[in-house]
Amino acid sequence: MKRVLTIAILALLVLTSCGGGKATVPSAKISMPVQQAVAPSFNADSAFSYVKAQTDFGPRVPNTTAHKKCAEWLEQKLKSFGAETIVQNIQVTTFDGTLINGYNIIGQINPESNKRIVLCAHWDSRPWADNDPNPANHKKPVDGANDGASGVAVILEIARQLQIKAPAIGIDCIFFDAEDWGPGDSYTGRSLPEHWGLGSQYWSRRPHKDGYIARYAVLLDMVGGKGARFYREGISNHYAKEIVTKFWDAAGNIGHRAYFPQEDAGYVTDDHYFINSIARIPAIDIIPYMAECRESTFGPTWHTVNDTAENIDRNTLKAVGETVLYVIYNEK
Ligand code: AHN
Ligand code: ZN
């Protein structure tokens, strides 16, 4: 998209006269139109509206009406941005023996390109707010504005921008289901990584296309919290250090170093673990680490009834969205 910008130029004309020995420095404000190529910019209000649209369905807990309705909306949204969609209808069993009817929702941008990267997030809501300070809330479902909807919203806004200005590569937007039905603190059995990320485990074993190959995958998890800080996560560093470096350097280049410190944090079991270990695609996780937060290192609303749209910070969505968009447009 091109835009004509009228910018005020402060012109400094240094005039020196021969032999006079005296320089005069007049200044003038000249208003003139300049043709400037403007890269599509990530719109944080638009991204926020996609968070709100998801939470307005109610908690997207698998096997509920809100979940089914939101799945349809997500596919429709990807289609509206020109992506070719595939929905994997999956049946998976959770650690507590519940059979989930789930949906991995995939939107392919430039499906014909063999140079591809994956942008992914989980879209389901956790059935229990079991980290809530009030135990009376532990059996209530979470809205998942940050934990779920934020990553999806950033990817949707990126997809919208990619329709305005096409990237040089292909992008696969993947919304994984059934990430968050993992055991809480009250679970007395042995907790395993495989209890989480059921949708990403399914996709990693059976990608949407036979012989699917991508350069790398970027997982966005809880990218809308106030005061969020994204450190270089351990599993990402282990499997895909150069991709971590690519994104953290990009963040610094565009002024988001405060959100993306060049420092390592701990290991998080998340969808990217399965993409790395099963699909063998290098995958990183952009996920907060808030050492100083009392309630959780993922932020104060994690797995609480306060994980609502009103606690989403557009500036965090923007820092992450701009960083990812910048990397995408620099891929050849
Ligand atoms: C664990 O707490 C084991 N993994 C965090 C993955 C997660 C939960 N992401 C969002 N909700
Ligand atoms: Zn969660």
Side-chain angles (χ1 to χ4, degrees), residues 1-3 36-54 71 73-87 104-123 149-176 203 207-209 212-221 223-224 243 246-247 249-251 253-256 260 271-272 275 281-286 314 316-332:
M1 191 171 72
K2 287 221 163 78
R3 203 167 79 188
Q36 188 182 312
V38 178
S41 56
F42 185 91
N43 185 321
D45 293 325
S46 171
F48 179 79
S49 79
Y50 300 144
V51 171
K52 188 73 169 55
Q54 291 173 80
W73 181 82
L74 290 171
E75 186 192 7
Q76 203 41 55
K77 232 38 218 172
L78 288 168
K79 276 210 170 96
S80 78
F81 301 141
E84 208 172 278
T85 60
I86 294 178
V87 177
N104 286 335
I105 301 159
I106 298 135
Q108 307 160 91
I109 296 168
N110 293 346
E112 64 292 336
S113 175
N114 58 5
K115 302 176 286 187
R116 313 202 64 75
I117 69 174
V118 173
L119 305 182
C120 53
H122 81 90
W123 72 273
S150 68
V152 169
V154 166
I155 292 170
L156 284 176
E157 173 57 10
I158 288 172
R160 189 176 76 87
Q161 295 297 338
L162 295 178
Q163 189 178 34
I164 297 169
K165 181 185 166 185
I169 55 167
I171 305 285
D172 295 306
C173 304
I174 308 185
F175 303 144
F176 293 121
W203 179 87
H208 57 285
K209 282 189 169 171
Y212 180 75
I213 293 172
R215 291 178 177 177
Y216 60 84
V218 184
L219 175 64
L220 306 182
D221 196 3
V223 292
I243 309 303
K246 184 197 283 268
F247 279 79
D249 285 355
N253 286 346
I254 60 172
H256 294 316
F260 289 85
D271 292 318
H272 70 314
I275 302 172
I281 295 168
I284 69 163
D285 196 3
I286 299 181
R314 287 165 168 83
T316 308
L317 298 173
K318 192 175 177 71
V320 174
E322 284 184 347
T323 300
V324 176
L325 204 50
Y326 176 86
V327 171
I328 290 170
Y329 284 125
N330 278 289
E331 296 289 359
K332 306 254 142 31

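What you see below is based on every heavy atom in this structure, not just the backbone, and it leaves out hydrogens, waters and symmetry mates.
Rounding to the nearest 0.5 Å gives a distance of 4.0 Å between CZ of F175 and CG of L156. Within the model, atoms CD1 of I105 and CD1 of I174 stand 11.5 Å from one another, a figure rounded to the nearest 0.5 Å. In this structure, the separation between CG on L220 and CG on D285 is 8.5 Å, given to the nearest 0.5 Å. The CD atom of Q54 sits 5.5 Å away from atom CG of L74, with the distance rounded to the nearest 0.5 Å. A distance of 13.0 Å separates CD1 of I243 from NE2 of H272, quoted to the nearest 0.5 Å. Here CG of L325 is found 6.0 Å from CG of L162. Values are rounded to the nearest 0.5 Å.
Between G321 and I158, the closest heavy-atom pair is O-CD1, 4.1 Å. Residues E157 and A47 share a closest heavy-atom pair of CB-CB, 4.0 Å. Of all heavy-atom pairs between N110 and G170, the closest is CB-CA, 3.8 Å. Among all heavy-atom pairs drawn from A121 and G151, the shortest one is CB-C, 3.6 Å.
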**Study point:** Stepwise side chain to side chain contact (heavy atoms under 4.5 Å, CB included) test for Y212 and I281
**Key:** CA-CA 10 Å; Y212 180 75; I281 295 168; 4.0 Å; yes

Review point. Between S150 and L317, is a side chain to side chain contact (heavy atoms under 4.5 Å, CB included) present by the stated rule, with each step listed?
Key: CA-CA 7 Å; S150 68; L317 298 173; 4.0 Å; yes

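Between V324 and F42, the closest side-chain pair of non-hydrogen atoms is not below 4.5 Å. Residues I275 and C120 have side chains in contact (heavy-atom distance under 4.5 Å, counting atoms from C-beta outward). Looking only at side-chain heavy atoms (C-beta outward), H122 and D221 come within less than 4.5 Å of each other.
For K318, the side-chain hydrogen bond (donor to acceptor under 3.5 Å, both in side chains) partners at least two apart in sequence or on another chain are E322. For V327, the side chain to side chain contact (heavy atoms under 4.5 Å, CB included) test picks out Y216, K246, F247, A250, E331, with sequence neighbours left out.
Paired with I328 under the rule side chain to side chain contact (heavy atoms under 4.5 Å, CB included), one option of I109, T323, I117 passes, and it is I117.
The number of heavy-atom neighbours closer than 6.0 Å to CD1 of I213, taken from other residues, nucleotides and ligands shown, is 12 or below.
Judged by the 6.0 Å and 45° rule, K165 forms a cation-pi pair with Y329.
By the 30° and 60° cut-offs, the orientation of the rings of W203 relative to H208 is parallel.
Not a single donor-acceptor pair under 3.5 Å links the side chain of E84 to the backbone N or O of Q108. In this structure, R160 contributes its side chain and K77 its backbone to no donor-acceptor pair below 3.5 Å.
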